Amino acid sequence: MNLIEELGNAGNKLLDFFQNFIDMITTAIVALKSFYDMLDEFDQRVVAMVDNCGATEFDGLPVVEAISTFHYVVGDVIFYLIYLVVLFGCLWTIFKLVLLIYAKVKEFMSQLTSGVTSKAQFSTVLTKIFKL
């Protein structure tokens with residue numbers, strides 16, 4: 001009796017397998033179509049941004065549109081990661097510039113207090129500072 005039920009269920013299981021296979025292919029096709037539509041929309045947005053670049057009137061701010069488009073394409077996590085890397089790079093550059101200016105000012109002050117008195121020596125010190 002159990003064997004007869006198993007044989008009866010085998011047809012249903014085989015039918016379910018093929019139905020799941022067809023659903024999987026349908027889902028993949030829908031996902032690919034959505035991906036294509038997103039790429040097409042992105043392409044149209046970039047073309048519109050390029051077309052508006054030379055015009056005298058903009059629909060919006062082109063930099064904001066470019067950043068928003070990039071944010072839309074890469075997603076939140078990658079966008080904020082890149083944003084933090086750029087922000088850290090800018091802050092690091094500012095920090096290094098402040099340290100460099102501080103070192104040059106300190107060197108300049110030590111040369112001034114060590115007895116630099118002539119104009120030629122003073123201009124030499126200034127050219128060393130601003131030559132970097």
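Values below: every heavy atom of this structure, side chains too, minus hydrogens, waters and symmetry copies. Quick caveat: nothing in here was measured; it's all calculated off a predicted structure.
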- With a 4.5 Å limit on heavy-atom distance, are the side chains of Phe70 and Ile82 in contact? yes
- Query: Do Asn20 and Met24 have side chains that get closer than 4.5 Å, going by heavy atoms?
  - Reply: no
Enter the distance from [X]:[atom1] to [Y]:[atom2] here, rounded to the nearest 0.5 Å.
{"X": "Asp76", "Y": "Leu81", "atom1": "CG", "atom2": "CG", "value": "12.0 Å"}
{"X": "Phe17", "Y": "Ile22", "atom1": "CZ", "atom2": "CD1", "value": "10.5 Å"}
{"X": "Ile94", "Y": "Leu99", "atom1": "CD1", "atom2": "CG", "value": "12.5 Å"}

- Message: I'd like to know if Val86 and Val74 are part of one continuous hydrophobic network [Ile/Leu/Val/Met/Phe/Trp/Tyr, side-chain heavy atoms within less than 4.5 Å].
- Response: yes
- Under 4.5 Å between side-chain heavy atoms, hopping through other hydrophobics if needed: is there a path connecting Ile29 to Phe35?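 Each belongs to a different hydrophobic cluster.
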- Query: For Phe21 and Ile25, what are the C-alpha separation, side-chain angles and deciding distance, and is it a side chain to side chain contact (heavy atoms under 4.5 Å, CB included)?
  - Reply: CA-CA 6 Å; Phe21 184 73; Ile25 291 175; 3.3 Å; yes
- Task: Can you run down the side chain to side chain donor-acceptor pair (under 3.5 Å) pairs that involve residues 80-96, sequence neighbours left out, and say none if there aren't any?
- Result: none
- Sequence neighbours excluded, which residues qualify as side chain to side chain contact (heavy atoms under 4.5 Å, CB included) partners of Leu32? none
- By side chain to side chain donor-acceptor pair (under 3.5 Å) - contacts of Asp23 (at least two apart):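 In terms of side chain to side chain donor-acceptor pair (under 3.5 Å), with neighbours along the sequence ignored, Asp23 is linked to Gln19.
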- Message: So for atom CD1, which belongs to Ile78, do other residues, nucleotides or ligands contribute more than 12 heavy atoms lying within a distance under 6.0 Å?
- Response: no
